[in-house]
Amino acid sequence: MEKSRVDNETSFEDAAVGNIAADRLRSVIERVERLEEERKALAGDIKDIFAEAKSAGFDVKVIRQIIRIRKQEPAEVEEQETLLDIYRRALGM
């Protein structure tokens, strides 16, 4: 009976230290760490693609603008382009 009580206490301590589920917390932290590593690797891949585009003669700033525009809703893009046109005309450009 004593061994069972000790096992239960150990399990309880492993499972909840200060009302924190240690295994669950460890899992969450490890998952975030893995995703951060993946993000770092992806950022490196994206950097390589931009370097490839630049070496092929493309303007990387323009490519970044196009990517940003493609993420927007068409109505939002149209509104921005209209305002840009109005502002240019106001400045005589």
Side-chain angles (χ1 to χ4, degrees):
M1 197 65 142
E2 183 65 29
K3 182 171 174 37
S4 176
R5 188 176 67 82
V6 171
D7 289 341
N8 287 339
E9 286 177 12
T10 302
S11 296
F12 177 76
E13 288 174 10
D14 288 343
V17 176
N19 289 333
I20 296 175
D23 289 339
R24 181 67 189 254
L25 177 60
R26 184 177 297 107
S27 172
V28 168
I29 291 170
E30 288 172 352
R31 287 170 36 216
V32 169
E33 289 172 339
R34 277 193 302 274
L35 289 172
E36 286 177 345
E37 285 299 316
E38 288 177 27
R39 179 172 44 188
K40 186 177 176 182
L42 289 172
D45 292 345
I46 291 169
K47 183 178 177 182
D48 292 345
I49 292 169
F50 280 122
E52 177 185 333
K54 185 175 182 176
S55 70
F58 294 109
D59 187 319
V60 173
K61 285 184 182 181
V62 175
I63 291 173
R64 289 184 189 275
Q65 277 184 306
I66 289 172
I67 291 169
R68 189 177 67 249
I69 290 168
R70 288 171 53 117
K71 291 178 183 178
Q72 297 174 338
E73 294 294 322
E76 192 178 342
V77 173
E78 186 177 340
E79 180 183 344
Q80 287 179 359
E81 288 176 350
T82 300
L83 284 172
L84 182 60
D85 185 49
I86 291 169
Y87 290 4
R88 281 183 175 160
R89 282 190 276 144
L91 295 172
M93 296 175 70

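- When the shell of 6.0 Å around CD of Q72 is examined, it contains more than 12 heavy atoms from other residues, nucleotides or ligands.
- Residue I63 holds its CD1 atom at 11.0 Å from NZ of K54, rounded to the nearest 0.5 Å.
- Residue L42 holds its CG atom at 14.5 Å from NZ of K47, rounded to the nearest 0.5 Å.
- I86 and M93 sit in two unconnected hydrophobic clusters of ILVMFWY residues. Membership requires side-chain heavy atoms under 4.5 Å apart, directly or through other members.
- To the nearest 0.5 Å, the span separating CG on L84 from CD on Q80 amounts to 9.0 Å.
- Here the side chain of T82 pairs a donor or acceptor atom with the backbone of E78 at under 3.5 angstrom.
- If you take CZ on R89 and CG on L91, they are separated by 11.5 Å, rounding to the nearest 0.5 Å.
- Put simply, CZ on R64 and CZ on F50 are 4.0 Å apart, with the number rounded to the nearest 0.5 Å.
- Side chains of D23 and R26 form a contact here, defined as non-hydrogen atoms less than 4.5 Å apart.
- Using a 4.0 Å cut-off between charged nitrogen and carboxylate oxygen, D85 and R88 do not count as a salt-bridge pair.
- For CZ of F58, the number of neighbouring non-hydrogen atoms (other residues, nucleotides, ligands) closer than 6.0 Å is 12 at most.
- The neighbour count for E73 CD, taken as heavy atoms of other residues, nucleotides or ligands under 6.0 Å away, does not exceed 12.
- For the atom pair R34 CZ and I29 CD1, the distance stands at 12.0 Å (nearest 0.5 Å).
- Between L25 and I20, the shortest heavy-atom contact is CD2-CG2, 3.7 Å.
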